[in-house]
Amino acid sequence: MLDVNYIRGHADLVKEGMKNKGEKNIDQVDELLKTDRQWRSLVQKTDELRNESNTKAKEIGQLMGQGKKEEAQEIIEHTSKLKEQIKDLEEDLNNLKEKRDELLLRIPNVPHESVPVGQTEDDNEVFKTWGDPATDDWRKPHWDLAEEQGWIDFDRGSKVTGAGFPFYLGPIAKLQRALINYFINKATENGYTEIQAPYFINEDSARGTGQIPDKEDMMYVIPRDELFAIPTAEVPVTNFHRDEIIDPDNLPIYYVAYTPCWRREAGSYGKDVRGLNRLHQFDKVELVKMVHPDTAFDELETLREYAESLLEELDLPYRTLLMCTGDMGFTQSKKYDLEVWSPGQQRWLEVSSCSNFGSFQARRMQLRYRNENGNTEILHTLNGSGLALPRVVAAILEAYQQEDGSIAVPEVLQPFMDSQKLG
RNA sequence: GGAGAGAUGGCUGAGCGGUCGAAAGCGCUCCCCUGCUAAGGGAGUAUACCCUUUAACAGGGUAUCGAGGGUUCGAAUCCCUCUCUCUCCGCCA
């Protein structure tokens, strides 16, 4: 959520940002400002009446204390009318406030000036390419490899749960465990605090990070207990400090969390969902940062570089995209995507998304710090995958397959696998 | 799941219908005194929003004593609902 004060002063910038993000209801800004004006004038009126009522109530208290009951009674008659007026006004006030907040929640974050303006994924900027994407065509796609060996069982996953919930067996299960360990160890060596988070979240948390109201269809719901299965560790971990005021000495805060992630992925089809490309449940190691506003964009660069270093150490060719305004989503002000090269499929697969949300998430969740002057200020939040497992597994299977049909284990994972070969 | 107790400011903890945004203590900040690793004195010390005003400060008002609703001229105090915490029993990795 944006700062209303900011919108009041920069309505044009907000509208332009919405237009660039491909939002349709740009009129909402004007509607918001109108509602905000109405709300404020009513606040003023209501506060005045409340003031009068409070003053009279105190007088009554004093008169009662002095035993002047009759004088008190006169004032009581007057103030009981006041009370009704206040009640009416409060009802309007609540309605306006609700409408204002509702509109405010539906206005997206403004893209940073360094973000390229564009409409679709074709307008994303290739920020960087690393390694040599192998275009020789003898390599098999990972689903052939894994099913030949009986390492991933999609069919039994479908039987037991449904499509997109595979079983991983033997060497692949171990490989995933190795990746998780490698990712978490590396992150903690780089200053991140390891944190294990709940896998279900309540509605307030979903609203805090912006899954509600924008993206609620992406989540699995547990209606009986009014909970959601987490679509990413970002949600519980960022909400960890919700409604808190952080001591500036403790900034910046870095967390690394491994969790499964659940996403409904409604509307996906075809090659996008083949094999491990897109699942309803997958494992991910997530990085979350809470930082001083002045450092947020520098922190985004170090976050990106850190995520990139993981792919480099795994020796997997990748490219980094700077997402254009139209492709980056509701809550972000700037976002990079890291895509690993899948030689068996001859295509890029997204394995990390590093975003700066500015104060957008933190304002929703009242996540603040105390600045140099002792005043409270909204923190800035960032997060990035480091990394999402299944597509990394897919890339490893494909890129590390040898001519003799065996699959090598990336060097950095060998200590965790006690082996140089899979299987 | 059953029975009971509770939720107050950074912390401890009073208040149980009026002068309470809230005693006291601790902690923290500033000042004074004193002077050697201590003690004493004073002042300040929640958050959000609205208005006025400012370069910044500041001032006025409103709301908030777990959350929401109710009673009342007036609620931290009374009533209802919910959430959470603790104790005991049951169940369980």
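Chain A is the first sequence line, chain B the second, and so forth, proteins listed ahead of strands; every chain is numbered from 1.
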Could you check whether [X] gets within reach of a base, just the sugar-phosphate, or nothing at all, counting any heavy atom under 4.0 Å?
X	result
A/Ile60	base
A/Thr46	nothing
A/Arg100	nothing
A/Gln44	sugar-phosphate
A/Arg8	sugar-phosphate

Quote, to the nearest angstrom, the [atom1] distance that separates [N] from [M].
N	M	atom1	result
B/C65	B/G44	P	25 Å
B/A63	B/A22	C1'	15 Å
B/G9	B/G66	P	8 Å
B/U8	B/A46	C1'	12 Å
B/U62	B/A55	C1'	28 Å
B/U29	B/U85	P	34 Å
B/C28	B/C86	P	29 Å
B/A43	B/C26	P	14 Å

May I ask you to say whether A/Glu234 pairs ionically with A/Lys284, meaning some side-chain N is under 4.0 Å from a carboxylate O? no

So does A/Lys87 pair up with A/Glu91, basic N to acidic O under 4.0 Å? no

Taking A/Arg264's backbone N and O only, do any of them form a donor-acceptor pair with A/His280's side chain (distance below 3.5 Å, no angle check)? yes

Hunt down the Watson-Crick or G-U wobble partner of [N], both distances under 3.5 Å, from any strand shown, or write none.
N	answer
B/U54	none
B/G68	B/C80
B/C16	none
B/C11	B/G25
B/G74	none
B/A48	B/U62
B/A38	none
B/G90	none

Calculate the interatomic distance between [X] atom [atom1] and [N] atom [atom2]; express it in whole Å.
X	N	atom1	atom2	result
A/Leu49	B/C51	CG	P	17 Å
A/Glu48	B/A63	CD	P	13 Å
A/Lys87	B/C73	NZ	P	11 Å
A/Ile86	B/U71	CD1	C1'	16 Å
A/Arg50	B/C50	CZ	C1'	11 Å
A/Lys81	B/U72	NZ	P	17 Å
A/Met64	B/U72	CE	P	14 Å
A/Asp247	B/U29	CG	P	12 Å

Does A/Asp47 or A/Asp36 map to a spot on RNA chain B nearer the 5' end, using the closest nucleotide for each? A/Asp36

Find which nucleotide of RNA chain B each of A/Thr55 and A/Ile76 is nearest to by heavy atoms, and output the residue with the more 5' nucleotide. A/Thr55

Passes salt bridge (Lys or Arg N to Asp or Glu O under 4.0 Å), A/Lys34 versus A/Asp30? Steps please. CA-CA 6 Å; A/Lys34 190 178 136 207; A/Asp30 290 325; over 6 Å; no

Of the options B/U47, B/C73, B/C50, whose atoms approach the side-chain atoms of A/Arg370 most closely? B/U47

Does a side-chain N or O of [X] approach OP1 or OP2 of [N] to a distance below 4.0 Å, or not?
X	N	result
A/Asn51	B/U62	yes
A/Thr376	B/A48	yes
A/Asn54	B/G74	no

Do the numbers put A/Arg156 on top of the ring of A/Phe167, so that NZ or CZ is under 6.0 Å from the six-membered ring centre and no more than 45° off the axis? no

A/Glu194 and A/Tyr258: side chain donor to acceptor below 3.5 Å: no

With no hydrogens and no angle check, do the side chains of A/Glu312 and A/Tyr318 hold a donor and an acceptor under 3.5 Å apart? yes

When you look at A/Thr381 and A/Gln361, which way does the side chain to side chain donor-acceptor pair (under 3.5 Å) test go after all the steps? CA-CA 7 Å; A/Thr381 60; A/Gln361 289 183 328; 2.8 Å; yes

Classify the angle between the aromatic ring planes of A/Tyr255 and A/Phe240 as parallel (below 30°), tilted (30 to 60°) or perpendicular (above 60°). perpendicular

For A/Lys289 and A/Thr302, what are the C-alpha separation, side-chain angles and deciding distance, and is it a side chain to side chain donor-acceptor pair (under 3.5 Å)? CA-CA 11 Å; A/Lys289 290 184 171 185; A/Thr302 56; 2.9 Å; yes

Would you mind building the protein contact string for nucleotides 76-83 of chain B? One character per nucleotide, 5' to 3', B for base within reach (heavy atoms under 4.0 Å), S for sugar-phosphate only, - for untouched. --------

